[in-house]
Visitor: 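One structure, as structure tokens, below. Some questions next.
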Protein chains: 2
Amino acid sequence: MRRSGSGPSTDAPRGETVGYRPLYRQVYDTLLRRLADAVWQPGQLLPSEGQLAAELGVSQGTVRKALDALTADSLLVRRQGRGTFVAEHDDQQSVFRFFKLRPDADGGGIPDSRVLALSRGTANGDERERLDLPRTAQVVRIERLRSVAGRLCVCETISLPESLFPGIAELSLPNTLYSLYATRFGITIGTARERLKAILLPAREAALLEMPEGTPALEIDRVAMDLEERPVEWRLSLCLTQDMHYLSVLR
Amino acid sequence: MRRSGSGPSTDAPRGETVGYRPLYRQVYDTLLRRLADAVWQPGQLLPSEGQLAAELGVSQGTVRKALDALTADSLLVRRQGRGTFVAEHDDQQSVFRFFKLRPDADGGGIPDSRVLALSRGTANGDERERLDLPRTAQVVRIERLRSVAGRLCVCETISLPESLFPGIAELSLPNTLYSLYATRFGITIGTARERLKAILLPAREAALLEMPEGTPALEIDRVAMDLEERPVEWRLSLCLTQDMHYLSVLR
DNA sequence: GAGTGGTCTAGACCACCTG
DNA sequence: AGGTGGTCTAGACCACTCA
């Protein structure tokens, strides 16, 4: 691992005011690249800290700091006595990382999904804006209904750039899309930005959710980003909140 | 700083399967106690790492790890070359730590507040449940309207246990309540749990917000906790989301 | 230049898991 | 018993801030 600042100039001294990048950050980037390129698959055991340190030519403490940062970003999972693993975000527990709707009563279980429609077309204005796409870009749209504990509660439309997810329209879609993105297309969702509004259900969505038109609902406008913070999915969800709520924990 | 596991038994060996607590965690708890007891005031400069290490009888690295953890919990702010400071959560920027409502258009500025009513009474069922209070507990209730960029957008009722905030009903209330809690009552808000629902505005709140009855609105049920995770404030807010949205970032 | 936090290293020991 | 991550230490050097 070279101990240099970033940028094209070689052997720039570390003392440069601009462009200084700590060693552990460079290690972080190196490992992140391997994760983003799916060199290491979800669930896989990474080499030990000592092995990574030897391979990269840095001390174990520096590798540890990079691994800790990746763990804090929930890209890795560390288990004392066993090793460091690539995080799996399709676990029963991890479904809830991006699904914040909870039954008012405790419990509830895993959300269920049913695809209503699947189509392809040219990106519209909203899709181009959310996904940062050129005017001629093609997108795949998925419309589906979701239930929790047998109760219909979400109607959503998902838009994906076809360039990033070639042939996804021909696959049978699982309940948890994000694990499909990771395993079939090498795209790991790192963060998501959600904008929430209270709206009244339009006639069409009301019928799908088997509720009267004009029922209040929570609209969630979500853009999901990959590990390099590029937008890769846009999702517009209408959620019933009569027996459910959206949980947000602020720190 | 004693190097022992927690619990009443003295000199328990560190190898105990249960009750083992790392040294840096003990340092964390010690410093957290000083912050909770307001030994160090917001904005104040802490002793340097070396001084704390000498005082507590541990290495600088251990103190650093505790300080880093407190910084991650946003209780401290570290500035290279200057020192470590107690976080101030009443900054222009930090108002938005717990205020997630944003204008759809960029900008907006600081939210403004106007108190409508102030009353005292015995805690009702909701208040006892949210704030974990006994049946005879007294609470202070604050009802207020908030605006962003001159637009009326929030109507909320805040309930506080009078035992924790004695005499707060006699004070003139600032726009940012949480800084008042910290400076006047030594209570620092560490986390908050919000439950969101879409509802229709009742007549009374609709009138206050100058909107028609039945307008869809976002209901935010917030319980704010102090540094020891005890609930200290309950707040029920009704928010207009015609020109605003609630921003949630998931990682 | 002095003092602070930030990085990096090397080594020791501990707690945990598996065989 | 051996390997892994987790903790703790001590010391060196770097980057930043301010007088």
Side-chain angles (χ1 to χ4, degrees), chain A residues 1-6 11-31 40 44-72 75-87, chain B residues 1-6 11-31 40 44-72 75-87:
Chain A
M1 176 75 33
R2 290 190 58 248
R3 288 168 174 73
S4 73
S6 65
D11 283 297
R14 276 215 263 168
E16 287 292 323
T17 303
V18 75
Y20 166 65
R21 205 162 176 71
L23 231 200
Y24 81 91
R25 253 288 158 191
Q26 300 177 44
V27 174
Y28 177 100
D29 291 340
T30 301
L31 300 181
W40 291 320
Q44 190 177 334
L45 175 65
L46 262 60
S48 73
E49 295 180 351
Q51 289 168 2
L52 285 172
E55 183 207 336
L56 300 172
V58 301
S59 79
Q60 183 176 343
T62 300
V63 168
R64 170 183 298 276
K65 212 168 172 187
L67 291 175
D68 283 344
L70 288 162
T71 302
L75 301 174
L76 297 178
V77 175
R78 317 196 71 182
R79 282 194 267 256
Q80 185 173 159
R82 296 187 58 195
T84 303
F85 301 81
V86 182
Chain B
M1 176 75 34
R2 289 189 61 247
R3 288 167 175 74
S4 74
S6 64
D11 282 299
R14 274 215 263 170
E16 286 293 322
T17 303
V18 74
Y20 166 66
R21 205 162 177 72
L23 232 200
Y24 80 91
R25 254 288 157 190
Q26 300 178 44
V27 174
Y28 178 100
D29 291 341
T30 300
L31 300 181
W40 291 319
Q44 189 177 335
L45 174 64
L46 263 60
S48 73
E49 294 180 353
Q51 289 168 1
L52 285 172
E55 182 205 336
L56 300 172
V58 300
S59 79
Q60 183 175 343
T62 300
V63 168
R64 170 184 298 277
K65 212 169 172 188
L67 292 174
D68 283 344
L70 287 162
T71 302
L75 301 175
L76 297 178
V77 175
R78 316 195 72 181
R79 283 196 267 255
Q80 185 173 163
R82 296 188 58 195
T84 303
F85 300 81
V86 182

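Numbers restart at 1 for each chain; the letters A, B, ... are given by sequence-line order, proteins then strands. This one's a predicted model, so the numbers in the text were calculated from it and none came from an experiment.
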Visitor: Taking only the side-chain nitrogens and oxygens of A/Lys65, find out if one of them lies under 4.0 Å from OP1 or OP2 of C/dC8.
Guide: no

Visitor: Measure the spacing between OG1 of A/Thr84 and CG of A/Leu52 and express it to the nearest 0.5 Å.
Guide: 8.0 Å

Visitor: Please give, in whole Å, the distance from D/dA10 P to B/Leu23 CG?
Guide: 12 Å

Visitor: Measure the distance from CZ on B/Phe85 to P on D/dC16 and round it to the nearest whole Å.
Guide: 17 Å

Visitor: Who are the side chain to side chain contact (heavy atoms under 4.5 Å, CB included) partners of B/Gln80, not counting sequence neighbours?
Guide: none

Visitor: B/Asp68 has an atom CG; how far is it from atom P of D/dC8, in whole Å?
Guide: 14 Å

Visitor: When rounded to the nearest 0.5 angstrom, what is the spacing between CG in B/Leu46 and CG in B/Leu67?
Guide: 7.0 Å

Visitor: Do B/Tyr24 and B/Ser59 touch side chain to side chain, with heavy atoms closer than 4.5 Å?
Guide: no

Visitor: Rounded to whole Å, how long is the line connecting atom CZ of A/Arg21 with atom P of C/dG6?
Guide: 17 Å

Visitor: Could you check how far CG of A/Leu70 sits from P of D/dG5, rounded to whole Å?
Guide: 14 Å

Visitor: If we ignore hydrogens and angles and just use 3.5 Å, is the side chain of B/Gln26 paired with the main-chain N or O of B/Arg21 as donor and acceptor?
Guide: yes

Visitor: Below 4.0 angstrom from OP1 or OP2 of D/dT7, is there any side-chain N or O of B/Thr62?
Guide: no

Visitor: Quick check on D/dA15: is either OP1 or OP2 less than 4.0 Å from any side-chain nitrogen or oxygen of A/Tyr20?
Guide: no

Visitor: Quick one: A/Leu56 CG to C/dT9 C1', roughly how many Å, whole number?
Guide: 15 Å

Visitor: In whole Å, I'd like the distance from the CG atom of B/Leu52 to the P atom of D/dT9.
Guide: 14 Å

Visitor: Check the interface with nucleotides 1-5 of chain C: list each N/O to N/O pair with the protein under 3.5 Å, or write none.
Guide:
residue : atom : partner : partner atom : Å
C/dG3   : N2   : B/Gly81 : O            : 2.9
C/dT4   : O2   : B/Gly81 : N            : 3.3
C/dG5   : OP1  : B/Thr84 : OG1          : 3.3
C/dG5   : OP2  : B/Glu49 : N            : 3.0
C/dG5   : N2   : B/Gln80 : OE1          : 3.3

Visitor: Would you mind telling me which of B/Lys65, B/Glu49, B/Gln51 makes a side chain to side chain donor-acceptor pair (under 3.5 Å) with B/Gln60?
Guide: B/Glu49

Visitor: Given axes from five pairs at either end, by how many degrees does the helix from C/dG1-D/dC18 to C/dT18-D/dA1 bend, rounded to 10°?
Guide: 10°

